[in-house]
Undergrad: 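Starting off with a structure, shown below.
Letters A, B, ... mirror the listed sequences (proteins, then strands); counts begin at 1. Because the structure is predicted, anything quoted here is derived from the model rather than measured.
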Amino acid sequence: MINITFPDGNVKQFESGVTPYQIAESISAGLARNILAANLNDEEWDISRPITSDGSIQFFKWEDPEGKHAFWHTSAHLLAEALQELYDGVQFGIGPAIENGFYYDIDPGENQLTSADFEKIEKKMAELVARKEAVVRRDISKADALKFFGDGGQQLKCELISELEDGHITTYTQGNFTDLCRGPHLPSTEPIKAVKVLSLAGAYWRGDEKRPQLVRVYGISFPKKKMLDEYLVMLEEAKKRDHRKIGKEMELFAFSQNVGAGLPLWLPKGAALRNRLQDFLAKIQKKYGYQQVVTPHIGNKMLYVTSGHYAKYGKDSFQPIHTPEEGEEYLLKPMNCPHHCEIYRTAPRSYKDLPLRFAEFGTVYRYEQSGELHGLTRVRCFCQDDAHLFCTPDQLKQEFLGVMDIISYIFSIFGFEYEAQISLRDPNHPEKYVGSDENWEKAERAIIEACEEKGLKARQETGEAAFYGPKLDFMVKDALGRRWQLGTIQVDYNLPERFGLEYTGADNLKHRPVMIHRAPFGSLERFIAVLLEHTAGKLPLWLVPDQCVVLPISEKYNDYARRVVSELNDLDVRATIDDRNEKIGRKIRDNELKRIPYLLIVGEKEEAAGEVSVRKQGEGDQGSKKITIFAADLKDEVARMTDFKV
RNA sequence: GCCGCAAUAGCUCAGUCGGUAGAGCAUUUCAUUCGUAACGAAAAGGUCGCGGGUUCGAGUCCCGCUCGCGGCUCCA
């Protein structure tokens with residue numbers, strides 16, 4: 001007999017060899033019906049895998065990420081099984097579960113896969129599910145595994161196996177398909193009731209662009225048909241929130257082939273929106289002791305040779321600008337830090353001057369790879385809400401914490417949920433970084449400690465650091481769940497060294513300041529993109545281009561409507577007019593669809609009383625008010641939203 | 001940059017077998033002067049992304065480029 005401990009601390013005895021499924025059955029039939037995966041002593045465990053020693057068990061259902069994970073992982077195998085049945089000579093790479101669904105990377109050999117094949121593949125998968133095949137786990141020796149997959153012509157699998165430790169290799173088999181896999185899996189493919197093959201894409205084998213490119217087949221599956229339908233509807237809805245679509249509808253920004261890829265044109269309403277965001281940030285930063293600076297959009301190439309950026313990115317960037325002068329070269333600035341370092345150097349600095357905080361809404365240019373460009377989230381010209389803080393080593397932590405406060409405050413104003421990520425260097429590839437080990441360790445420790453101090457849960461990723469220092473990034477998801485880095489804070493001991501920055505300490509000796517790079521929005525472009533997707537274009541009242549629109553009932557009241565607009569504008573309310581020769585119902589519909597927060601209807605009654613009839617976006621008629629009262633109420637509402645208590 | 005897919009009116013899209021282009025919305029004009037989500041009529045609008053090729057003939061087939069979309073890689 002073995003002792004199984006449950007999450008609530010209860011311990012029950014079972015015969016050795018009992019499976020999680022049987023344990024669940026002993027609790028209730030309902031639980032047994034719903035569990036998809038288990039966890040034994042913190043090890044992922046198939047629900048059909050026998051347990052032969054004491055342990056703590058946890059069950060996972062569809063509602064748990066671990067349950068979905070097993071479900072989709074088995075679905076990936078099912079996809080592979082279908083592909084194996086449909087096409088000869090397919091080689092399989094890897095096929096994991098992902099956040100929403102699963103994929104399988106395959107080398108299709110002679111076969112040509114297109115989206116026209118999706119239906120055929122889905123049908124085959126359903127057919128395989130109907131066979132009710134069990135998914136069977138086997139331990140296998142390295143030699144046997146190599147032979148098995150080698151005989152099957154699965155060279156990619158053999159490469160994976162060759163890197164595994166003998167004695168820890170398992171396979172999972174269903175029907176005629178056997179995959180190298182760690183699991184866990186469902187006991188059979190039977191629960192997979194609804195499958196959708198979503199897309200095809202290229203993906204480099206093992207994520208290495210120097211290796212062959214495979215075909216990645218994406219799919220998703222559900223235990224109920226209805227859930228798939230709901231998911232597909234949700235996807236459609238998400239596409240409607242695409243910032244590229246909304247930005248066009250709201251006349252915020254545009255792209256032109258003639259200007260170039262990845263170079264956004266900001267239209268009047270978009271430009272005004274940017275200005276409001278900048279004012280908002282500048283106001284907060286002023287309270288935190290930042291000083292605004294302005295620097296040129298170009299810089300001498302030597303500036304970037306000094307900073308190290310030229311060696312690292314020079315050949316992949318916009319190439320140097322040549323002047324009439326022989327041998328003189330300038331770069332479009334890809335970042336603001338070197339300029340800010342030069343501002344630091346304009347005067348001798350004392351420890352009494354520090355910290356210095358230079359902020360700039362700095363436009364930078366980066367030649368991003370063509371395939372990377374994506375709406376406003378990845379562009380070749382963007383505006384960083386940048387600042388560089390120069391401080392003594394003693395002040396570092398406090399400064400870092402101050403920046404964290406700004407970022408969390410800003411994200412709370414917009415209601416963004418974010419994930420924090422600490423990006424550390426990859427100790428196996430020191431050649432990718434500049435600076436001493438000692439400085440890197442100091443910087444990495446400072447970030448980790450700051451997060452602990454703030455109680456911020458941050459994922460640590462090695463190899464994600466910038467070449468000159470580690471960073472703390474704030475990631476926010478877009479409408480389709482793709483993660484984008486917005487805010488970033490980076491500790492840098494290296495640029496101060498490269499630029500020979502100094503201050504005089506209390507000891508009258510020269511010291512090296514520490515530098516913090518930080519950008520709460522990251523870039524105005526990306527921030528606006530994510531903001532549009534989060535709000536579906538219904539921007540908060542304080543940011544929205546038009547806060548209200550005046551709708552005259554008929555052309556007879558256009559004059560009064562114009563007086564209302566001008567009075568509101570004088571009161572700093574952003575008001576426009578819809579004086580088209582249309583019926584009021586039509587004007588209401590069109591302006592609701594334009595996402596304008598307040599519609600002000602004016603006719604005979606309003607004109608006589610000097611009032612406007614207020615209709616709130618999505619909420620209907622709110623009754624009528626004096627113009628001045630409406631303006632005051634609106635400004636109160638704005639003040640409540642942007643009550644900048646920092 | 002790589003793999004795959006697309007590009008037709010301002011927008012969303014149709015266009016069959018290769019025979020010189022069509023709808024809805026938007027726009028303009030006319031009519032109407034209206035009370036809380038689409039009144040009606042008419043007109044105008046296109047070098048079918050660009051360049052080349054095949055063909056008697058190309059929006060349609062082929063090649064190259066550009067731009068865009070989904071991924072991959074990259075992201076100072």
Undergrad: Where the side chain of A:Arg366 is defined as all heavy atoms beyond and including C-beta, which of B:rA76, B:rC2, B:rC74 is the nearest nucleotide?
TA: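 Comparing B:rA76, B:rC2, B:rC74 against the side chain of A:Arg366, the answer is B:rA76.
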Undergrad: Does A:Arg244 make a side-chain N or O approach to OP1 or OP2 of B:rC69 shorter than 4.0 Å?
TA: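 It does, given that an N or O in the side chain of A:Arg244 lies less than 4.0 Å from OP1 or OP2 of B:rC69.
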Undergrad: For this output row, return yes or no: ring centroids of A:Phe318 and A:Tyr367 closer than 6.0 angstrom.
TA: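 Yes, the ring of A:Phe318 comes within the 6.0 Å limit of the ring of A:Tyr367, centre to centre.
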Undergrad: Among residues 201-210 of chain A, which residues get a heavy atom nearer than 4.0 Å to RNA chain B?
TA: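 Going residue by residue through residues 201-210 of chain A, the ones with a heavy atom under 4.0 Å of RNA chain B turn out to be A:Ala201, A:Gly202, A:Ala203, A:Tyr204, A:Gly207, A:Glu209.
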Undergrad: Assign the ring pair A:Tyr468 / A:His309 to parallel, tilted or perpendicular, where the plane angle (0 to 90°) is split at 30° and 60°.
TA: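 A:Tyr468 and A:His309: perpendicular rings.
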Undergrad: In whole angstrom, give me the gap between the P atoms of B:rU8 and B:rG1.
TA: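 Approximately 22 Å lies between the P atom of B:rU8 and that of B:rG1.
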Undergrad: Take A:Gln485 and A:Ser115, find for each the nucleotide of RNA chain B with the closest heavy atom, and name the residue whose nucleotide sits nearer the 5' end.
TA: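 First, find each residue's nearest nucleotide; the 5'-ward one identifies A:Ser115.
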Undergrad: The criterion is ring-ring contact (aromatic ring centres under 6.0 Å, His included); which residues satisfy it with A:His69, sequence neighbours excluded?
TA: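 Result, ring-ring contact (aromatic ring centres under 6.0 Å, His included) vs A:His69: none returned.
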Undergrad: Counting any heavy atom closer than 4.0 Å, what does A:Arg482 reach on the DNA or RNA strands: base, sugar-phosphate only, or nothing?
TA: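 Contact class for A:Arg482: sugar-phosphate only.
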Undergrad: Does a nitrogen or oxygen in the side chain of A:His374 sit under 4.0 Å from OP1 or OP2 of B:rG68?
TA: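 No, A:His374 has no side-chain N/O under 4.0 Å of OP1/OP2 on B:rG68.
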Undergrad: Give the residues of residues 250-261 of chain A touching RNA chain B, defined as any heavy atom closer than 4.0 Å, sorted by residue number.
TA: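 Under 4.0 Å from RNA chain B: A:Gln257, A:Ala261.
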Undergrad: Let me check something: any side-chain donor-acceptor pairs from residues 258-266 of chain A under 3.5 Å, sequence neighbours excluded? List them with distances.
TA:
none

Undergrad: Does A:Arg206 come within less than 4.0 Å of A:Asp208, counting only side-chain N to carboxylate O?
TA: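 So A:Arg206 does not pair with A:Asp208 through a salt bridge.
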Undergrad: Do we see a donor-acceptor contact under 3.5 Å between the side chains of A:Gln112 and A:Thr114?
TA: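 Not at all, the side chains of A:Gln112 and A:Thr114 share no donor-acceptor pair under 3.5 Å.
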Undergrad: Does NZ or CZ of A:Arg216 fall inside the cone over A:Tyr104's six-membered ring, less than 6.0 Å from its centre and within 45° of the axis?
TA: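 Geometry flag: not set, cation outside 6.0 Å or 45°.
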Undergrad: For A:Glu236, give me all partners under salt bridge (charged side-chain N to carboxylate O under 4.0 Å, His left out), at least two apart in sequence or on another chain.
TA: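 A:Lys239.
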Undergrad: With heavy-atom distances below 4.5 Å as the criterion, would you say the side chains of A:His243 and A:Thr377 are in contact?
TA: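 Side-chain contact under 4.5 Å: yes.
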Undergrad: Name the stems that RNA chain B belongs to, where each is three or more consecutive Watson-Crick or G-U pairs with both distances under 3.5 Å?
TA: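 Only these stems qualify: B:1-5 with B:68-72, B:10-13 with B:22-25, B:27-30 with B:40-43, B:49-53 with B:61-65.
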Undergrad: When you measure from every atom of RNA chain B, which of residues 461-480 of chain A have a heavy atom less than 4.0 Å away?
TA: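 Hits under 4.0 Å, by residue number: A:Ala466, A:Tyr468, A:Lys471.
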Undergrad: State whether A:Tyr310 and A:Lys301 meet the cation-pi test: NZ (Lys) or CZ (Arg) under 6.0 Å from the six-membered ring centroid, and within 45° of the perpendicular axis.
TA: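 Pair A:Lys301/A:Tyr310 counts as cation-pi.
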Undergrad: In chain order, what residues pass the ring-ring contact (aromatic ring centres under 6.0 Å, His included) check against A:Tyr218, with sequence neighbours excluded?
TA: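 Here the qualifying residues are A:Tyr103.
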Undergrad: Decide, yes or no, whether a salt bridge links A:Glu592 with A:Arg589 under the criterion of side-chain N to carboxylate O below 4.0 Å.
TA: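 So A:Glu592 does not pair with A:Arg589 through a salt bridge.
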Undergrad: Could you run through nucleotides 35-48 of chain B and give me one letter per nucleotide, 5' to 3': B if any protein heavy atom sits under 4.0 Å from the base, S if only the sugar-phosphate is that close, - if neither?
TA: BBBBS---------
Undergrad: Any ring-ring contact (aromatic ring centres under 6.0 Å, His included) involving residues 583-620 of chain A? Give me the pairs, sequence neighbours left out, ordered by first then second residue.
TA: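 Residue pairs with at least one partner in residues 583-620 of chain A: A:Tyr598-A:Phe630.
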Undergrad: Under 3.5 Å, sequence neighbours excluded: what are the donor-acceptor pairs made by side chains of residues 599-610 of chain A?
TA:
{"unit_1": "A:Glu606", "atom_1": "OE1", "unit_2": "A:Gly603", "atom_2": "N", "d": "2.9"}

Undergrad: Can you list everything that forms a ring-ring contact (aromatic ring centres under 6.0 Å, His included) with A:Trp205? Sequence neighbours excluded, please.
TA: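 With sequence neighbours excluded, A:Trp205 shows a ring-ring contact (aromatic ring centres under 6.0 Å, His included) to no residue whatsoever.
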Undergrad: Taking the minimum atom-to-atom distance to the side chain of A:Arg580, which one of B:rU27, B:rC75, B:rG71 wins?
TA: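 In terms of side-chain proximity for A:Arg580, the closest of B:rU27, B:rC75, B:rG71 is B:rU27.
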Undergrad: Run A:His517 and A:Asp492 through side chain to side chain donor-acceptor pair (under 3.5 Å) and show every step you take.
TA: CA-CA 7 Å; A:His517 310 243; A:Asp492 188 354; 2.8 Å; yes
Undergrad: Which whole number of Å gives the distance between the C1' atom of B:rU16 and that of B:rA58?
TA: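 The answer is 16 Å between these two C1' atoms.
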